[in-house]
Amino acid sequence: MSDMFPLTVTGAETRRRGKILVGPVDLTLAGQGSCVVIGPNGAGKTSLLRLLHGAARLSTGEITWACDVEQAHHDQSFVFQRPVMLRRSVEDNLMYPLRIRKVPKAEARDLAHHWAEKVGLRDMLKRHAPVLSGGEQQKLALARALITQPKLVFLDEPCAALDGRATREIEEILNAVRATGTRLIMTTHNMGQARRLADEVVFMRQGRVHEHASAETFFDAPASEQAQAFLNGDIVE
């Protein structure tokens with residue numbers, strides 16, 4: 001188990017222009033496996049990830065890591081739904097997070113080539129990153145997030161705009177990463193993907209955590225009518 005965890009969230013809220021986006025949230029996450037956050041549109045899934053990652057301001061409450069906050073932030077990465085590409089080559093994009101951490105250039109280049117190979121982009125190292133396909137950009141975003149060997153990776157709808165083949169390839173990468181002990185916390189609207197990847201599930205509704213359970217328990221016997229309706233494909237507000 002990672003020394004970052006448990007992650008304890010107590011009465012946490014984030015607001016924008018006076019409106020509560022998420023909260024109050026009480027949640028405790030251990031440091032193993034993949035946690036998939038699901039819920040209807042507008043439930044606050046992305047805002048919860050941003051809050052836990054530190055990208056959204058904590059308005060009220062506490063978020064406590066088992067280690068120092070600065071160390072926790074150093075040991076995590078975030079993959080956005082729409083990959084943000086530097087207007088440089090694939091190689092430069094992969095080297096960037098290492099270079100800002102003062103990794104020597106030759107070592108950073110070797111690691112960039114290693115990760116490009118792992119995600120199937122070895123033949124594209126010199127290609128201009130913004131011209132890659134959606135699936136290729138998402139692979140690059142994943143490799144760039146993983147190249148620093150984080151203990152935790154947040155992923156916001158990583159396969160939302162991808163076709164079946166690209167989705168399968170991304171899921172294979174995520175399963176391989178999870179098998180090495182890296183903690184994953186991700187959102188998805190795809191219930192098939194949630195069932196394939198989740199070790200535990202957080203079900204959100206109206207900005208709050210409505211249920212938190214193991215994947216087996218949640219998908220076999222959700223505790224609330226709202227969760228069951230959501231799994232049935234019904235409209236849940």
Side-chain angles (χ1 to χ4, degrees), residues 1-81 145 148 150-158 177-178 181-189 194 197-219 221-231 236-237:
M1 182 178 293
S2 169
D3 58 5
M4 296 172 65
F5 293 89
L7 167 60
T8 305
V9 184
T10 307
E13 291 185 1
T14 183
R15 304 186 185 98
R16 182 185 299 159
R17 296 173 185 156
K19 179 183 178 182
I20 296 177
L21 301 180
V22 168
V25 168
D26 295 294
L27 182 66
T28 300
L29 296 176
Q32 295 176 314
S34 177
C35 175
V36 177
V37 182
I38 62 174
N41 289 339
K45 302 183 294 295
T46 297
S47 294
L48 177 63
L49 260 62
R50 288 174 55 83
L51 183 62
L52 298 180
H53 181 56
R57 187 175 68 85
L58 180 65
S59 303
T60 305
E62 292 184 332
I63 297 175
T64 306
W65 301 90
C67 63
D68 180 82
V69 172
E70 184 176 344
Q71 186 64 46
H73 288 164
H74 180 271
D75 288 340
Q76 60 184 265
S77 298
F78 198 110
V79 178
F80 297 92
Q81 181 175 342
T148 58
K151 297 175 181 178
L152 165 64
V153 181
F154 291 101
L155 306 107
D156 185 22
E157 298 276 6
V177 168
R178 178 176 60 175
T182 301
R183 184 66 154 120
L184 304 178
I185 301 177
M186 63 178 285
T187 66
T188 184
H189 68 282
L197 296 180
D199 294 300
E200 63 183 311
V201 174
V202 170
F203 174 60
M204 294 194 68
R205 178 172 170 264
Q206 297 179 345
R208 299 190 179 191
V209 173
H210 202 63
E211 289 189 36
H212 176 211
S214 70
E216 181 178 7
T217 297
F218 181 81
F219 288 119
S224 67
E225 292 182 2
Q226 293 90 343
Q228 183 63 66
F230 181 78
L231 291 176
V236 177
E237 298 179 3

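Computed from a prediction, not measured in an experiment: that's the story for all the values here.
- A distance of 10.0 Å separates OG of S214 from CZ of F219, quoted to the nearest 0.5 Å.
- L197 and S34 make their closest contact through O-CB, 3.3 Å (heavy atoms, listed as atom of the first residue, atom of the second, distance).
- Contact annotation: the side chain of H210 approaches that of S224 to within less than 4.5 Å [non-hydrogen atoms, C-beta and beyond].
- To the nearest 0.5 Å, atom CE of residue M186 and atom CD of residue E157 are 7.5 Å apart.
- Between the R183 side chain and the A30 main chain, a donor and an acceptor come within less than 3.5 Å of each other.
- Residue E216 places its CD atom among 12 or fewer non-hydrogen atoms of other residues, nucleotides or ligands, all under 6.0 Å distant.
- Using modelled atom types, no side-chain atom of E211 and backbone atom of A227 make a donor-acceptor pair closer than 3.5 Å.
- Judged purely by distance below 3.5 Å, without hydrogens or angles, the side chains of T46 and D156 pair a donor atom with an acceptor atom.
- To the nearest 0.5 Å, atom CG of residue L155 and atom CG of residue L49 are 8.0 Å apart.
- Within the 3.5 Å criterion, the main-chain N or O of A72 finds a donor-acceptor partner in the side chain of Q76.
- Although no hydrogens or angles enter the test, the distance criterion places a donor-acceptor pair under 3.5 Å between the side chain of T14 and the main chain of R57.
- Interatomic distance, OG1 of T182 versus NZ of K151, reported as 10.5 Å (0.5 Å rounding).
- R205 places no side-chain N or O within donor-acceptor distance of the main-chain N or O of Q226, the cut-off being under 3.5 Å.
- Other residues, nucleotides and ligands contribute only 12 or fewer heavy atoms inside 6.0 Å of the CG atom of N41.
- For the atom pair NE2 (H212) and CE (M204), the distance works out to 12.0 Å, reported to the nearest 0.5 Å.
- Judged by distance alone, the side chain of K45 and the main-chain N or O of P40 form a donor-acceptor pair under 3.5 Å.
- In this structure, the separation between CD1 on I38 and CZ on F203 is 6.5 Å, given to the nearest 0.5 Å.
- Across all non-hydrogen atoms, the minimal contact from V22 to G44 is CG2-O, 3.4 Å.
- Between the side chain of S59 and the backbone N or O of R15 there is at least one donor-acceptor pair closer than 3.5 Å.
- Among all heavy-atom pairs drawn from E70 and D68, the shortest one is N-OD2, 2.9 Å.
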